[in-house]
Amino acid sequence: MMPNADTVVILDFETTGLSPDCGDRAIEIGAVRIEKGVIKERFQKLMNPGRPVDSFIANYTGITNAMLKGAPSCEEVMGEFADFIGDHNLVAHNASFDKRFLDAELARISRHYAGTFACSMLVARRIYQDAPNHQLGTLIDHLNIPVKGDFHRALYDSEMTSQLWLAMLEKIAGHSSSRAISFSLLQKLAKTPKKGVAKLLKG
DNA sequence: TGCCAGGCCCTCTTTAGGGCCTT
């Protein structure tokens, strides 16, 4: 069955490091499911990676070994999360990072996500070419989106990414016939050379 | 043994190098 183009799941992983190929594991997953531009459901779980997190990660995320001690295993949480995302389209800020961890953690439980993953950072680099940089926090500030929590926690970052995503949908709304095709349009934008962005938006 | 990301994108480019972005 084809995924519903009106529905996207925007997700964010906190991890023990930068690369699952170097043994790093997920320690938290946060996600929101958006239907027709409205957040309908949230998912947030800490998970025990079976190894301690170092002081850098504890300071960066605020997630401590004490917090992870009683958390369910990565395998248990990722099974629940696989059910949550189903075959919906996915979005993340710097999606290549989150996709590597999603694929690696799902592979450990013999699950697989075969749907489409879009990157809000690649789209933002094209739509907001005048932003100071394209870090999530900078873009949120650039767009004057109210900040009500702490960055570098999975659910909050996924909520902020969803606000960025909706703002970008709004910005191109005048160039798109409906929200239903916005996901594919933004995917095209993410792969369009910057010089060609204006032409693509004009249709 | 020792070290270790990786994809995107720009430019002083394409037979390459380095910054950005994620934890």
Side-chain angles (χ1 to χ4, degrees), chain A residues 8-32 43-65 67-68 71 74 77-78 81 85 90-108 113 116-143 145 147 149-165 167-168 186-200:
Chain A
V8 296
V9 173
I10 298 181
L11 63 90
D12 182 68
F13 278 104
E14 305 304 320
T15 70
T16 63
L18 290 172
S19 176
D21 293 338
C22 292
D24 289 317
R25 299 294 304 274
I27 57 174
E28 187 181 42
I29 179 67
V32 297
F43 186 102
Q44 185 274 324
K45 287 283 178 72
L46 288 169
M47 57 187 114
N48 189 329
R51 48 171 283 193
V53 297
D54 62 29
S55 58
F56 174 82
I57 294 299
N59 289 328
Y60 188 80
T61 65
I63 299 171
T64 64
N65 287 307
M67 294 165 67
L68 295 173
C74 294
V77 172
M78 290 307 298
F81 189 62
I85 61 177
L90 302 182
V91 174
H93 200 68
N94 196 12
S96 67
F97 173 85
D98 292 280
K99 186 175 189 305
R100 282 200 302 277
F101 278 95
L102 179 68
D103 290 345
E105 293 293 350
L106 289 182
R108 286 174 175 269
Y113 174 74
T116 304
F117 217 134
C119 179
S120 57
M121 183 188 74
L122 294 182
V123 178
R125 279 179 174 171
R126 287 153 176 82
I127 291 185
Y128 304 118
Q129 296 186 26
D130 58 339
N133 61 57
H134 298 88
Q135 296 173 19
L136 179 59
T138 301
L139 289 166
I140 293 301
D141 181 63
H142 184 67
L143 295 174
I145 293 172
V147 174
D150 296 321
F151 284 103
H152 308 306
R153 285 302 298 268
L155 180 59
Y156 188 73
D157 280 8
S158 65
E159 297 225 27
M160 289 295 98
T161 302
S162 73
Q163 295 300 312
L164 169 63
W165 185 255
M168 292 193 294
L186 290 182
Q187 273 199 304
K188 281 185 183 177
L189 265 178
K191 297 178 181 177
T192 301
K194 287 183 179 177
K195 292 177 182 176
V197 169
K199 184 179 179 181
L200 177 65

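Here is the naming used below: chain letters follow the sequence lines, and residue numbers restart at 1 for every chain.
- Atom C1' of nucleotide B/dG7 and atom CG of A/Asp103 are separated by 14 Å, given to the nearest angstrom.
- Contacts of A/Ala26 with the nucleic acid, taken as non-hydrogen atoms under 4.0 Å apart, are absent.
- Where A/Ser19 and A/Lys191 meet DNA chain B, the nucleotide closest to each residue was compared, and A/Ser19 sits on the side nearer the 5' end.
- The aromatic rings of A/Phe97 and A/Phe101 sit tilted relative to each other, their planes meeting at an angle between 30° and 60°.
- Side-chain contact, A/Thr16 with A/Asp24: a donor N or O sits under 3.5 Å from an acceptor N or O.
- Rounded to an integer number of Å, the gap from CG of A/Leu122 to C1' of B/dC10 is 14 Å.
- Between A/His142 and A/Tyr128, the ring planes lie perpendicular to each other; the angle is over 60°, past the 30° to 60° tilted range.
- At a threshold of 4.5 Å between non-hydrogen side-chain atoms, the residues A/Ile29 and A/Glu105 do not count as touching.
- Between the C1' atoms of B/dT14 and B/dG18, the separation comes to 15 Å (whole Å).
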Each nucleotide in nucleotides 18-23 of chain B should get exactly one letter: B, S or -. Can you fill that in based on protein heavy atoms under 4.0 Å?
--BBBB
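- Once rounded to the nearest 0.5 Å, the distance linking CG of A/Leu90 with CG of A/Leu11 reads 5.5 Å.
- Listed by chain and number, the residues in a side chain to side chain donor-acceptor pair (under 3.5 Å) with A/His134 amount to none (sequence neighbours excluded).
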